[in-house]
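These notes concern the structure reproduced below.
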Amino acid sequence: MDQILLRGKFVGSGITHLLDKAEAAGDDETTALLTWLAAVQLQEEAVIVDMLERVLALFPDGGDRLFEMDKELAVRKFEAPATLRRPASSRILVG
């Protein structure tokens with residue numbers, strides 16, 4: 001989670017730097033765009049932090065079990081229920 005927060009701060013600092021330049025240049029359109037972008041960045045960061053906190057609450061061991069479950073689920077094979085399978089005779093053959 002620390003890496004995600006660091007990345008968010010890096011992106012945010014870049015936006016702030018550009019915002020300062022736009023304000024100094026008197027570029028109102030760019031200032032408005034970058035102000036909006038900064039707000040979206042903060043909102044997205046808050047959503048990610050909230051999601052990660054929820055996952056960590058479910059998996060207090062640090063999430064190792066979540067990765068194990070992902071590996072287990074990845075090897076499962078999907079098999080359509082019999083009621084959804086078409087008989088072999090009704091399949092279209094592409095030559």
Side-chain angles (χ1 to χ4, degrees):
M1 184 150 83
D2 292 337
Q3 291 177 352
I4 291 170
L5 293 175
L6 285 174
R7 178 72 178 159
K9 290 188 186 306
F10 173 75
V11 171
S13 68
I15 294 169
T16 300
H17 175 74
L18 292 173
L19 183 56
D20 291 342
K21 293 221 177 246
E23 287 174 340
D27 187 343
D28 295 335
E29 291 83 10
T30 303
T31 298
L33 175 67
L34 291 170
T35 300
W36 170 81
L37 188 58
V40 169
Q41 172 66 26
L42 288 173
Q43 183 182 16
E44 291 297 319
E45 192 175 312
V47 168
I48 294 297
V49 167
D50 180 57
M51 290 172 61
L52 288 173
E53 287 174 349
R54 289 179 185 198
V55 168
L56 291 175
L58 292 171
F59 301 94
D61 64 350
D64 292 341
R65 181 65 187 129
L66 182 62
F67 291 116
E68 288 176 32
M69 287 173 51
D70 184 52
K71 288 179 193 175
E72 291 169 11
L73 293 172
V75 297
R76 293 178 8 167
K77 302 291 182 211
F78 174 75
E79 195 168 317
T83 56
L84 297 178
R85 291 188 210 134
R86 287 187 272 164
S89 61
S90 69
R91 294 188 184 138
I92 299 173
L93 299 176
V94 178

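Scope of the values below: all heavy atoms of this structure, side chains included, with no hydrogens, waters or symmetry mates. Along the sequence shown, residues are numbered consecutively beginning with 1.
- Here the straight-line distance linking atom CG of L37 with atom CD1 of I15 works out to 4.0 Å at 0.5 Å rounding.
- L19 approaches T31 most closely through the heavy-atom pair CD1-O, 3.6 Å.
- E72 meets the salt bridge (Lys or Arg N to Asp or Glu O under 4.0 Å) test with R65; sequence neighbours excluded.
- Applying the salt bridge (charged side-chain N to carboxylate O under 4.0 Å, His left out) rule to pairs touching residues 38-51 yields D50-R54, sequence neighbours excluded.
- For the side-chain hydrogen bond (donor to acceptor under 3.5 Å, both in side chains) condition, no pair includes a residue of residues 4-24, sequence neighbours left out.
- Note on V49 and V40: separate hydrophobic clusters, where clusters join Ile, Leu, Val, Met, Phe, Trp and Tyr whose side-chain heavy atoms are under 4.5 Å apart, directly or indirectly.
- Residue M51 shares its hydrophobic cluster (ILVMFWY side chains chained together at separations under 4.5 Å) with V47.
- Note that CG of L18 is 11.0 Å distant from CG of D27, once rounded to the nearest 0.5 Å.
- For D28, there are no salt bridge (Lys or Arg N to Asp or Glu O under 4.0 Å) partners at least two apart in sequence or on another chain.
- Residues forming a side-chain contact (heavy atoms from CB on, under 4.5 Å) with L42 (at least two apart in sequence, or on another chain): none.
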